[in-house]
Undergrad: 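Have a look at this one before I ask anything.
Counting starts at 1 for both ligands and their atoms, in listed order. Everything numeric in this text was worked out from a predicted model, so none of it was measured.
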Amino acid sequence: MSKESILVCGSGIAGLAMALGLARAGFQASLLGPRTPPKALGPDVYHPRVYAISSSSQALLDRLGVWNMLDMARVTPVEAMEVYGDASGAVHLHAWQAAQTNLAWIVESGELERVLQQAVQVFGIVWHAERFQRLESSTVFTDTGRALKPDLLVGADGAQSAVRKAAGISHKSRAYGDQGVVVHLTSELPSQNVAMQWFTGESILALLPMPDTSDGHQVSMVWSVPDDMAKTLLALPESERNQQLETRLLAATGGRLGRLRVRSPMFGFPLFLESSGMVAPGVALISDAAHRVHPLAGQGLNLGLGDVHDLLNVLTSKESYRRVGDTRVLSRYRRARAEPILAMSMTTDGLHRLFANRTAAASWGRNTGMQMVDRIPFLKRMLIGGAGR
Ligand SMILES: Cc1cc2nc3c(=O)[nH]c(=O)nc-3n(C[C@H](O)[C@H](O)[C@H](O)COP(=O)(O)OP(=O)(O)OC[C@H]3O[C@@H](n4cnc5c(N)ncnc54)[C@H](O)[C@@H]3O)c2cc1C
């Protein structure tokens with residue numbers, strides 16, 4: 001019997017990982033999406049987007065043979081986390097408390113794209129550098145008029161997924177009314193591989209450890225703030241914007257890392273909570289095409305790589321008489337993902353609601369809760385498991 005063909009639409013990190021995993025598992029995988037090699041950067045310059053890669057994602061990337069291709073001088077292990085509430089609440093999590101070496105790794109998007117694109121090339125995966133346009137009776141048409149008829153179409157084409165729309169897969173979306181503002185900073189004091197987060201009531205600030213540069217110690221910021229605040233900040237002239245941010249950061253962090261100075265361009269990303277029906281006959285969605293969560297736990301891409309892992313498992317363990325696009329096979333994938341996606345959506349949304357509530361009672365409740373968590377080893381181990389998933 002000839003190999004079944006699977007077309008992955010979308011050439012972001014999730015799509016590249018999916019195509020590679022399928023090819024390694026013996027499927028006839030091909031890719032459809034723009035081919036944009038990430039810029040090669042000097043040792044002191046870092047891609048604007050970085051991800052906290054969980055241990056499960058790290059294991060998947062290792063299985064795909066790309067983890068060792070990363071430039072390890074640009075990858076930072078996270079050995080501990082410090083989470084602060086808006087009053088006296090604080091939780092300190094160490095990897096050793098859960099017998100783990102690291103909680104996560106901070107990796108640039110460009111580095112992940114670079115190694116995945118290289119591996120896709122080495123595996124000789126056919127890559128149509130075109131865009132998906134429409135789906136008619138299981139035939140995919142691209143924007144150049146090419147017609148492709150895969151046995152299964154995987155939609156990895158991001159939050160605005162055209163595949164999702166064409167396949168008529170249900171989709172729910174709620175805007176948080178917040179933006180995630182990202183920038184790299186030089187810190188006066190070293191972060192010592194500790195990721196830090198402050199829930200301040202009106203915003204959530206995360207500082208992720210990064211490699212030192214010739215300017216000094218470096219951290220990457222993800223600051224979730226209301227839309228209007230982000231827009232006002234981003235519209236300011238550069239020097240005023242940087243100065244305002246630096247003053248606010250010093251106040252929000254209480255000087256934990258000393259003075260923080262902006263060292264890269266700044267970007268804002270609108271934040272959403274989204275879910276979808278995941279599958280239709282002959283079609284499966286993965287990653288942002290299927291769901292989005294608040295970045296406060298740094299888990300969006302990890303959830304997407306979890307989709308890659310579970311879809312690969314379902315496809316490689318199916319009965320030989322079933323086709324890859326069979327509704328029964330795809331329903332197994334939907335069921336496998338239902339719980340992790342719901343759990344992550346509820347956790348991140350719940351935390352966002354809890355900390356966005358500015359009443360005195362809510363503030364007392366969350367800060368007392370954080371103090372309790374900090375004193376109970378069992379609860380901490382559970383939280384570390386979650387932080388590393
Ligand atoms: C501020 C912020 C911080 C975050 N931090 C983290 C973190 O620390 N850890 C983490 O795990 N996640 C994090 N996330 C989430 C993460 O950014 C996303 O989940 C991840 O980028 C999704 O990857 P993807 O490959 O699914 O989608 P994308 O990166 O959007 O890729 C989609 C691809 O599809 C292509 N495409 C689009 N339309 C078409 C078409 N019609 N035809 C063909 N191709 C098409 C695009 O060109 C692109 O290549 C964060 C998100 C935000 C906003």
Undergrad: Between Arg261 and Glu246, is the closest basic N to carboxylate O distance under 4.0 Å?
TA: no
Undergrad: Pair Leu152, Leu330 - check side chain to side chain contact (heavy atoms under 4.5 Å, CB included), show working.
TA: CA-CA 10 Å; Leu152 172 65; Leu330 298 181; 3.9 Å; yes
Undergrad: Sequence neighbours excluded, which residues qualify as ring-ring contact (aromatic ring centres under 6.0 Å, His included) partners of Tyr176?
TA: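 ring-ring contact (aromatic ring centres under 6.0 Å, His included) list for Tyr176, sorted by chain: His294, His352.
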Undergrad: Give me each pair satisfying ring pair (Phe, Tyr, Trp, His ring centres under 6.0 Å) with a member in residues 100-126, each pair once, sequence neighbours excluded.
TA: Trp67-Trp105
Undergrad: Heavy atoms under 4.0 Å from ligand 1: which residues qualify?
TA: Cys9, Gly10, Ser11, Gly12, Ile13, Ala14, Leu32, Gly33, Pro34, Arg49, Tyr51, Ala52, Arg131, Phe132, Ala156, Asp157, Gly158, Val182, Val222, Phe269, Leu271, Ser287, Asp288, Pro295, Gly298, Gln299, Gly300, Leu301, Asn302
Undergrad: Looking at Lys39 and Glu108, is any side-chain nitrogen of the basic one under 4.0 Å from a carboxylate oxygen of the acidic one?
TA: no
Undergrad: Considering residues at least two apart in sequence or located in another chain, which fulfil the side-chain contact (heavy atoms from CB on, under 4.5 Å) criterion with Ser203?
TA: Thr200, Trp223, Val225
